[in-house]
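Here the structure comes first, spelled out in structure tokens, and everything after it is commentary.
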Amino acid sequence: MTEIVSLRPLLAVGAGLAAVLPILLSGRRPALREVWTFAAGAVQLGAAVSMLPAAFAGAAHVSPALPLLPGMPLQFRADPLGLLFLTLSSILWLATSSYSLGYLRSLGLKHQTGYFAAFAAAVAAAAGVALAANLLTFLICYEVLTLATWPLVVHKRTAGVLGSGRSYLAYTMIAGQLLLGAVVWAGVLAPGAPFTPGGFLAGTASDGALRVLFVLLLVGVGAKAAVFPLHGWLPAAMVAPTPVSALLHAVAVVKAGAFGVLRLTGWVFGPDLMHDLGLALPLAALAAGTILMASLRALGEDHFKRRLAYSTVSQLSYIVLGGAIGTPLALAGAAFHIAAHGFLKITLFFCAGSVYAATGREHISELGGLGRAMPFTFAAFGVGALGMAGVPLLPGFISKWNLALGALDDHQVWVVALLVVSGLLNLAYFLPVLRVAVFEPGDGRRVREPSAWLVAPPVFAALAAVVLGVAPDAGARFWFLAESAARSVAAHAPEFLTGGLP
Amino acid sequence: MTIYAFAAALFTLGIAGMALLPNLLRKLLAMNVMQVAVIVFFVSLAFKDGATVPILGQGGAPRAAEFMNPLPHTLMLTAIVVSVSTTGLALGLLVRIRSRFRTLNEQRLLDRLR
Amino acid sequence: MGTAPPGRPPAPGTPRVRRLLGAAAFPALFVGLVVGMTQLPEFGDPASPASTHLSPRFIEDAAAETGAANMVTAVLADYRGYDTLGEAAVIFAAGLGCLVILAAAGARPDPPGAGMSHPFGSVVLDAATRILVPVVLLFAVYVLIHGHVSPGGGFQGGVLFGSGLIMMRLVWGPAHEGRAHQPAVPAFGPGLRGSLVLACAGILAYVGIGLAAMAFGGEFLNYGTLPLGGDPAHVRELATLGIEAAVFLTVAGTVAVLFDTISIGMRESGAPLPPGDGDSA
Amino acid sequence: MRDVLPGLLVALPLLGAALVPLLAALSRRTTRVPALALHAAILAAALGLFGSVAAAGPIRYAVGGWPGPWGIELWFDGLSTLIAVLVAGIACFAAFAQTFGPGRDEAAPASTPLREGLLRGALLLLVGGLLGIVATRDVFNLFVFLEISSLAAYTLVASGGGRATVAAFRYLLAGTAAGSLYLFGVGFLYALTGTLNMDDLAARLPSVEADAALTVAVVLIAVGLSIKAALFPLHGWLPDTYVYSPTPTAGFIAAVMAKVSAYALLRLLGEVLAGTAAGAVVLDITLWLGVAGVVAGGILAVAQRAITRMLAWSSISAMGMILIGVGMGSALAITGALFHMAAHALAKGCLFFGAGGIRASRRGDDVEGWAGLGARAPWTLAALTVAALSMIGIPPTAGFFSKYYLLSASITTGGPAGIAAFAAIILSSLLATVYFLRVLEAVWFRTPGDAPDASGDSAGRQPVPVLPRPLAVPVVALAVLVLLTGIFARPFERHVLPDWESGTARITAEAP
């Protein structure tokens with residue numbers, strides 16, 4: 001891959017970071033504060049978009065290396081996978097920012113300055129995770145991400161919320177320390193530990209040592225990705241304000257974890273080494289278990305946001321599953337699912353937030369009558385729900401289709417069955433929401449759509465999801481990015497993309 | 001050898017006293033014993049059979065065999081001063097502790113601080 | 001020691017755990033030391049490393065190189081003059097420490113008659129002190145100056161001088177008050193503040209000589225470069241005397257400071273402790 | 001400059017230690033200007049040496065013009081100048097806090113110009129002692145300066161009055177025992193080799209054939225210095241000393257005091273005695289004790305309610321970490337140990353200045369008392385947060401990098417010791433996470449409880465600042481340094497390590 005040394009990756013990562021201090025300093029002037037947020041978002045998006053043409057041409061922007069440790073520089077590289085994640089998070093950050101404005105104002109929440117500052121830091125860290133060129137850079141951004149999201153999670157500051165925050169930190173900090181240990185180890189085995197398509201660890205240590213290292217790394221990134229049994233913090237973190245949950249799930253923490261798993265399987269170990277070490281199948285089984293377990297938990301959950309949370313646990317394991325299977329199509333499907341799930345899940349969370357802002361209701365059983373009162377919101381919700389389930393013409397379908405094909409390439413027929421069952425379970429826990437909202441009578445209180453700030457973002461996200469489902473290769477060309485990422489990892493696979501979509 | 005063992009015994013007694021005596025003043029005295037042990041040890045290293053004190057008398061050029069080794073003496077002058085100074089400061093501290101807490105018993109003092 | 005008075009619990013002894021640990025650890029320490037010592041050169045062995053490696057130069061060349069017939073003085077004040085500066089700093093540190101800890105609010109003058117003279121208050125003591133003190137102080141100066149050729153030097157002289165000062169304080173009371181109660185005694189010697197000044201001046205003089213050597217292009221404390229005329233050994237001899245005088249000042253001052261501060265502290269510390277405090281083992 | 005700076009570096013603090021009390025005694029006026037000027041000059045000398053050594057290589061300096069082994073030599077390489085800069089730099093902050101800081105702690109007697117001058121002199125003396133230890137190439141001279149620094153430290157600790165006096169006395173007993181053990185060990189070495197100069201010792205030791213005696217010497221020296229370095233389980237003096245000291249003292253000694261002893265341990269065990277059989281074994285033991293200290297210190301820190309005491313135990317954990325690096329002895333490990341010295345000195349100084357200041361302004365010393373402080377003093381608390389994150393080891397603070405080096409070193413070391421060190425370091429970070437995030441949560445996300453605010457501002461009186469400005473300055477400055485040291489970690493390492501490797505390659509060959 002041709003590399004272009006430029007400052008654009010640094011710009012993309014630094015935009016959010018640079019906005020933190022101005023936001024904190026303009027706490028008394030909300031308008032100015034929000035200008036900073038949107039300016040940073042625009043700069044980040046601009047930087048991301050400006051790096052896309054190079055990626056389409058098979059090149060990558062690389063930042064200059066800042067030496068931090070012997071052979072371990074701080075460096076960012078806009079490879080296709082990273083660019084996919086970065087572009088997604090830039091778009092969704094802007095959407096979430098405007099949604100946050102409406103949400104915080106309509107609920108009159110306090111500590112808004114700290115909120116926007118932490119938000120900017122979290123997105124910058126997520127951008128850094130996306131573009132990290134080596135394990136050290138990844139680790140640094142990952143740790144910053146953990147801390148930057150902590151104030152967001154405990155935003156309400158009650159004792160219970162602080163407890164949830166502690167549980168969140170317990171999972172992510174422990175995982176972070178294990179990740180640190182693993183990164184150091186990998187750095188000793190392979191100096192520099194740069195993300196290399198197809199992996200860089202083959203032959204550096206005994207099989208047993210590499211297996212231990214894999215487990216350490218997996219626990220490190222898996223905790224954020226909420227892989228079973230490390231998912232416990234995610235439902236607890238639903239105490240956060242809804243835009244935060246949306247960000248956590250669609251862009252920042254959980255998605256960064258899933259992204260990390262993909263990097264781990266494709267760029268650190270590589271599919272071949274994983275197969276040789278016998279790690280692929282256990283990981284796939286773990287992912288499958290997580291998918292089913294979380295779906296079943298979602299079925300029994302009445303709390304709206306928590307049901308969405310379990311849905312996230314389940315959906316993100318698709319990405320883990322794709323990474324575990326490791327065939328080109330499966331990887332492409334997994335990579336594409338980052339974007340697909342991003343748009344869909346943020347739609348769903350926006351809807352849940354709008355309902356809470358408009359009515360104060362948090363449980364699904366209380367949604368009766370809202371479908372008619374809030375038509376735009378629930379229309380968007382419908383799109384999101386169906387997309388999650390994998391209905392054709394929506395992006396979830398493309399991910400799952402390719403995952404299934406990729407699994408068949410590897411003769412893993414059970415994966416297809418799993419995907420079907422999981423899709424049905426998705427429908428089983430999302431459709432009742434619509435059913436209650438549309439067909440059950442309300443309690444008579446008058447409910448109206450909330451302000452345009454709260455309606456426009458979910459509608460926009462839903463529309464974007466539709467566009468992504470219909471024309472996955474238009475605009476930012478998410479499908480192309482996913483495909484070239486997968487191709488780079490499994491360059492040797494001759495049967496690449498036989499019958500893939502689109 | 002005997003004098004070395006004497007130094008070792010003094011040192012052990014001193015350090016044991018510091019650890020085991022219940023009264024702070026006695027601990028301090030034990031500390032002095034310990035310091036003296038080191039001084040005895042060093043000075044005994046300077047001794048040389050058939051040599052005299054390292055002060056040049058009348059006569060020709062000095063030969064190394066005629067005089068004791070002056071270096072340990074020098075070092076121990078310094079060590080004595082260190083010992084004196086530590087003792088002085090420690091006494092100061094004890095006077096203060098005594099007037100503030102009305103006891104020099106270690107256990108009582110700790111109880112009072114609890 | 002004696003039993004505690006009735007109604008008062010005996011002072012606690014050392015905790016049992018520590019005693020048990022100590023019973024194991026200290027014999028081990030002793031045995032370890034002795035085992036190591038068996039391998040040291042025999043006591044008095046003229047061929048031991050200590051006697052053959054560095055000391056020959058000190059013995060054979062010291063007089064020529066430093067002008068001091070007393071080799072201990074040569075090593076102390078010249079070859080290892082830096083150690084001796086450290087030594088002066090250590091004792092100075094003790095003086096500073098006692099001042100900080102005990103004479104907290106600065107050198108508060110004692111009330112008239114607060115000295116220790118009256119408990120002794122005898123004519124014999126007074127007369128003896130009058131005769132002894134000048135001799136002691138003079139002898140101290142002699143010990144200082146004669147340190148080059150005989151046992152002695154700044155530290156020894158300083159301690160003697162300091163004990164002279166202490167003797168006066170013991171018999172006639174602290175030096176810094178008017179001694180209105182005993183007008184016949186001449187006011188002599190520095191008070192607490194004066195003693196501190198002496199000690200500081202000693203250190204300053206020592207460092208100053210060292211820095212002066214640097215100003216003339218030598219290393220710190222390299223007296224040979226000082227422009228005092230004469231051959232290097234003679235220059236070094238003169239400078240060494242200056243060093244010894246500096247140590248003398250520091251030690252004499254600090255000894256007086258230590259005595260004064262501790263006596264101030266004792267006076268403030270009030271009633272005696274209950275008998276047997278901490279004595280029961 | 002090269003031939004003047006070494007002399008100035010050791011002479012200036014001693015000069016100042018006498019000059020400042022003298023001025024105070026004679027003039028009866030404040031002595032803050034000369035004291036601060038002296039500290040600044042010492043720092044300038046240290047920085048000058050650091051730069052000079054970086055540019056033109058190590059400096060050997062014969063005090064008094066007598067070359068070693070007859071005279072006393074000073075030796076400045078990247079390692080010693082780095083520690084010297086740390087000591088002199090943090091001393092400047094301590095002097096600043098001492099000069100402008102809150103007039104008095106609760107138990108301390110009233111302040112007078114004379115007393116202030118004496119305390120300033122004691123601080124200068126402490127700095128002089130520590131710099132002397134760092135600079136010297138002579139094992140006996142090291143003892144002398146060890147005692148200077150110790151006596152000055154006892155004085156400064158005891159100046160807090162009350163309980164601090166007791167803490168100082170116990171510190172004195174431990175410190176004197178440590179000094180005597182060390183000196184006894186030096187006596188053995190002298191008896192065996194006839195020399196006191198470190199280079200001469202290193203050259204002559206291999207030909208000594210008295211293994212038992214040599215072992216005793218090494219053990220005595222190691223135990224002595226380990227007591228001063230608060231190596232577990234010889235750390236007993238540390239918690240009370242740190243907790244009851246007046247704030248400027250606590251900030252300074254918590255930052256550098258034990259580290260200088262660890263530096264001496266590194267010099268002697270890692271360099272001078274590395275050629276002996278006993279040296280290697282003792283290094284191994286040091287490693288394991290370091291592991292134990294890291295774990296025990298961390299666990300006990302979690303158990304504390306008082307913040308300063310928690311910080312003290314965390315120091316014991318950190319000293320264990322440094323000694324793990326010393327014990328492993330590879331170049332990577334030494335780098336990690338040095339880095340951790342620097343990182344921990346900056347962060348712990350910052351935390352002790354801050355925690356002490358907050359305690360002194362009567363906001364209490366427990367986590368509850370800190371609730372909601374973040375909103376009241378965002379800048380200083382943000383600085384303390386940075387320091388706490390460095391203690392945990394969150395990138396990009398300095399603590400992350402030292403941990404990274406130490407972890408790398410433990411992996412390359414391998415074997416049971418390597419694995420234990422690896423696990424201990426990870427565990428210590430987790431424990432630090434527990435005890436520091438507990439505080440950060442209270443500071444930023446909790447509001448003060450129902451307990452009446454001791455400062456009385458709820459009663460409408462003048463609000464007491466959370467942290468007096470004289471302490472806020474060092475706190476913020478140190479936090480900035482924590483960040484900068486982290487980001488510019490690599491250049492530092494490039495500067496320090498080559499000297500160690502080229503000048504004294506012995507140690508790297510000894511990696512277990």
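Predicted model, so just to flag it, every value in this text is computed and none were measured. In what follows, chains are A, B, ... by sequence order, proteins preceding strands, each numbered from 1.
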Residue pair D:V157 / D:S245, side-chain heavy-atom distance below 4.5 Å: yes
Flag, side chain of D:Y182 to backbone of D:V139, donor-acceptor distance under 3.5 Å: yes
Would you call the rings of D:W237 and D:Y171 parallel, tilted or perpendicular if under 30° counts as parallel and over 60° as perpendicular? parallel
For the pair D:L183 and B:F42, evaluate side-chain contact (heavy atoms from CB on, under 4.5 Å) and give the outcome as yes or no after the intermediate values. CA-CA 9 Å; D:L183 189 58; B:F42 259 94; 3.9 Å; yes
With respect to chain D, which residue among B:L28, B:I15, B:V81, B:L94 yields the maximal number of heavy-atom pairs within a distance under 4.5 Å? B:L94
Any sub-3.5 Å donor-acceptor pair from D:T165's side-chain atoms to D:G162's backbone N or O? yes
If you measure from CD on B:E106 to CG on B:L20, what distance do you get to the nearest 0.5 Å? 10.0 Å
Quick check on D:R204: does its CZ atom have over 12 non-hydrogen neighbours (other residues, nucleotides or ligands) under 6.0 Å away? yes
Residues of residues 187-195 of chain D under 4.5 Å from chain B (heavy atom pairs)? D:G187, D:F188, D:Y190, D:A191
I'd like to know if D:D240 pairs up with D:R163 as an ion pair, taking the criterion as any Lys NZ or Arg NE/NH1/NH2 lying under 4.0 Å from an Asp or Glu carboxylate oxygen. no
So what's closer than 4.5 Å to chain D heavy atoms on B:L45: side chain, backbone, both or neither? side chain
The interface call for B:L110 against chain D, heavy-atom contacts under 4.5 Å, is side chain
Judged by atom type as modelled, is there a donor-acceptor pair below 3.5 Å linking the side chain of D:K228 to the main-chain atoms of D:G175? no
Using the rule side-chain contact (heavy atoms from CB on, under 4.5 Å), only one of B:I80, B:T87, B:V82 pairs with B:V84; which is it? B:I80
For chain D, which candidate among B:M34, B:M18, B:K27 shows the most heavy-atom pairs at distances under 4.5 Å? B:M34
Aromatic rings D:F143 and D:F140: how do their planes relate, parallel, tilted or perpendicular, breaks at 30° and 60°? tilted
I'd like to verify something: which residue of D:L172, D:V144, D:L196, D:T155 has the highest number of heavy-atom pairs under 4.5 Å with chain B? D:L172
Pick from D:D138, D:L142, D:L273: which one makes a side-chain contact (heavy atoms from CB on, under 4.5 Å) with D:M198? D:L142
Pick whichever of D:A158, D:S150, D:A177 has the most heavy-atom pairs under 4.5 Å with chain B. D:A177
Please classify the contact between B:F101 and chain D as side chain, backbone, both or neither, with a heavy-atom cut-off of under 4.5 Å. side chain
What residues of residues 207-217 of chain D sit under 4.5 Å from chain B when only non-hydrogen atoms are counted? none
Supply the atom-to-atom distance B:R100 CZ to B:L109 CG, rounded to the nearest 0.5 angstrom. 10.5 Å
